[in-house]
Every structure is written in structure tokens, then in C-alpha cells.
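Below is one structure; the comments refer to it alone.
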Amino acid sequence: MIKGLYEAHLPVSNLKRSVEFYLKLDLEIAYQSEKVVFFWIDKGKSWLGLWETEKVRTPYHPSLRHVAFRIDRPNMNDIKNWLEERGIAIKSAFGFSDEEQPLVLNNNPQAHAAIYFEDPDGNSLECISPLRLNFKEAFEKMSLKTWEQIKVKEKIDL
């Protein structure tokens, strides 16, 4: 029955400023009114709603005010430059500096490459790509660069 996630929502303090930011991510406006805008993530399949509200003052927690965008694995090596070209700063995450990102998350049995940044209201945004599913060996978080060096050394397909 369930085919995917259709929508997610974030609070923002200034809708106009937020629209300008999310347009830098090459998202298309699907709908806009005075206090809300929806951006297509995958047209007809998923969108992100931004709501101008005082709730933007709700303190950040991973269970609140966080959205992860899936990107293709080959693009993970270019995502940092792509964001920086748009004036979007990388955020330190899990003890890894912006220079060490993208990083590899050790959420066994999966392995994902991810990079983190924030919108103008401090909402946590992430670009993520699966590396392996049902990965049995334990490993620590590491930079994607280190992951690739280890996998090449082990002659394992990425």
C-alpha cells in the first residue's frame, strides 16, 4: 500500500527569504500562498512544505526540523562543491568538520553517505545516498573519502 513519503514540513520565520534559499537547491515551487510554500522534490511524487510560523523557535532536535534529500551515489562526490557554489555552508556533524564531509553513517545494517547543511532558520538539511544495504560488518563513522580508499584497497564494489 505505501509507495513512499509524499510530503514533509518545516517551520520558517521569513517565507520570502526561505523561498530564495530553497530555489538555490533547484527545487520547483508547486504551490505558494501568503504563509506557506510547497516545493517539488520529485514532481508528482514528493514535496516539501515551508510554513511561516512562530514555531520556528522550537529548539532543534533530530526528530524535529530535519529533512534529508536523497541524491544519486555518483553525485555524492560533487555535492559539497554544488552547495558551496550556491553559497550554502556545510555544517559540522557527528564530530566531523565540514572539510571531512561527506561522511559515511554507520547505521548498521545499512551504510549511507551524507552531508549536512542548514536553511536560514537553522532547520537541519541533509543530502544522503545509500552505499550498502544489509551491511553486516561493524564500522565506525568516517569520511566518504576514507570509505572509498578502504573499499578500493579491499577491492570491494562501492
Side-chain angles (χ1 to χ4, degrees), residues 1-13 18 21-28 38-51 55-158:
M1 295 291 287
I2 296 175
K3 303 294 184 192
L5 181 65
Y6 191 81
E7 64 186 23
H9 302 269
L10 292 172
V12 299
S13 63
S18 294
F21 175 85
Y22 284 87
L23 286 173
K24 287 183 197 176
L25 298 176
D26 294 337
L27 300 181
E28 177 187 346
F38 284 87
F39 284 95
W40 286 118
I41 304 301
D42 188 357
K43 195 168 189 172
K45 294 182 181 178
S46 64
W47 62 9
L48 174 66
L50 304 178
W51 298 80
K55 299 291 183 187
V56 75
R57 294 190 179 127
T58 302
Y60 170 77
H61 182 272
S63 67
L64 303 168
R65 301 182 55 213
H66 174 77
V67 171
F69 302 107
R70 182 186 50 80
I71 66 171
D72 292 332
R73 169 61 189 93
N75 293 329
M76 189 54 72
N77 290 326
D78 300 322
I79 189 65
K80 185 175 180 178
N81 289 336
W82 186 85
L83 289 167
E84 290 173 347
E85 286 169 0
R86 287 157 173 73
I88 299 170
I90 307 307
K91 178 180 138 188
S92 296
F94 299 105
F96 287 80
S97 67
D98 57 340
E99 292 85 19
E100 296 172 294
Q101 291 192 56
L103 58 97
V104 176
L105 303 171
N106 60 343
N107 40 5
N108 280 335
Q110 281 62 245
H112 292 86
I115 194 164
Y116 294 86
F117 55 105
E118 293 180 340
D119 76 2
D121 289 297
N123 290 309
S124 175
L125 304 175
E126 172 184 5
C127 288
I128 189 167
S129 181
L131 296 173
R132 295 257 175 103
L133 302 178
N134 300 317
F135 189 87
K136 298 296 181 193
E137 299 87 35
F139 64 95
E140 297 297 319
K141 290 181 186 78
M142 64 184 77
S143 71
L144 180 59
K145 183 177 181 179
T146 301
W147 170 271
E148 290 172 337
Q149 290 169 346
I150 290 169
K151 297 306 160 200
V152 167
K153 193 175 185 180
E154 294 174 355
K155 296 181 182 176
I156 295 174
D157 291 332
L158 298 175

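With sequence neighbours excluded, the residues forming a salt bridge (Lys or Arg N to Asp or Glu O under 4.0 Å) with Asp121 are Arg17, listed by chain and number. When the side chain to side chain contact (heavy atoms under 4.5 Å, CB included) test is applied to Lys45, the partners found at least two apart in sequence or on another chain are Asp42. Residues meeting the side chain to side chain donor-acceptor pair (under 3.5 Å) test with Glu118, sequence neighbours left out: none. Listed by chain and number, the residues in a side chain to side chain donor-acceptor pair (under 3.5 Å) with Arg70 amount to none (sequence neighbours excluded). Considering only residues two or more places apart in sequence or on other chains, Lys3 meets the side chain to side chain donor-acceptor pair (under 3.5 Å) condition with none of them.
Looking only at distances, a side-chain donor or acceptor of Gln110 sits under 3.5 Å from a matching main-chain atom of Asn134. Between the side chain of Glu148 and the main chain of Lys145, no donor-acceptor pair closer than 3.5 Å is present.
Under a cutoff of 6.0 Å and an axis angle of 45°, Lys24 and Phe117 do not form a cation-pi pair.
Minimum heavy-atom separation, Trp147 to Ala111: CH2-CB, 3.9 Å. Closest approach of Ala113 and Leu144 over heavy atoms only: CB-CD1, 4.1 Å. The shortest non-hydrogen separation linking His66 to Leu10 is N-CD2, 3.8 Å. Residues Asp98 and Ser92 share a closest heavy-atom pair of N-OG, 3.8 Å. For the pair Ile79 and Pro102, the tightest heavy-atom approach, listed with the atom from each and the gap, is CG2-CG, 4.3 Å. Nearest heavy-atom pair, Ala8 versus Val67, reported as atom, atom and distance to 0.1 Å: CB-CG2, 4.2 Å.
Other residues, nucleotides and ligands contribute more than 12 heavy atoms inside 6.0 Å of the CD atom of Glu7. By the neighbour-count criterion of 12 heavy atoms within 6.0 Å, atom CH2 of Trp40 is densely surrounded, having more than that number from other residues, nucleotides or ligands.
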Quiz item: Going through the distances and angles, do Tyr6 and Trp47 end up as a ring pair (Phe, Tyr, Trp, His ring centres under 6.0 Å)?
Solution: CA-CA 6 Å; Tyr6 191 81; Trp47 62 9; 5.5 Å; yes
Exercise. Evaluate the side-chain contact (heavy atoms from CB on, under 4.5 Å) criterion for residues Leu25 and Phe39: first the C-alpha distance (whole Å), next the side-chain angles of each, then the deciding distance (0.1 Å), finally the verdict.
Key: CA-CA 10 Å; Leu25 298 176; Phe39 284 95; over 6 Å; no
Quiz item: Is there a side-chain contact (heavy atoms from CB on, under 4.5 Å) between Phe139 and Ile150 once you walk through the steps?
Solution: CA-CA 11 Å; Phe139 64 95; Ile150 290 169; over 6 Å; no
Exercise. Please step through side-chain contact (heavy atoms from CB on, under 4.5 Å) for the pair Asn106 and Met142, ending with a clear verdict.
Key: CA-CA 8 Å; Asn106 60 343; Met142 64 184 77; over 6 Å; no
Quiz item: After noting the C-alpha distance and the side-chain angles of Phe21 and Ile88, does the key distance pass the side-chain contact (heavy atoms from CB on, under 4.5 Å) rule?
Solution: CA-CA 9 Å; Phe21 175 85; Ile88 299 170; 3.8 Å; yes
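For residues 103-115, there are no salt bridge (Lys or Arg N to Asp or Glu O under 4.0 Å) pairs, not counting sequence neighbours.
Within the 6.0 Å centre-distance limit, the rings of Phe94 and Tyr116 are counted as a close aromatic pair.
Classification of the Phe38-His9 ring pair by plane angle, with boundaries at 30° and 60°, yields perpendicular.
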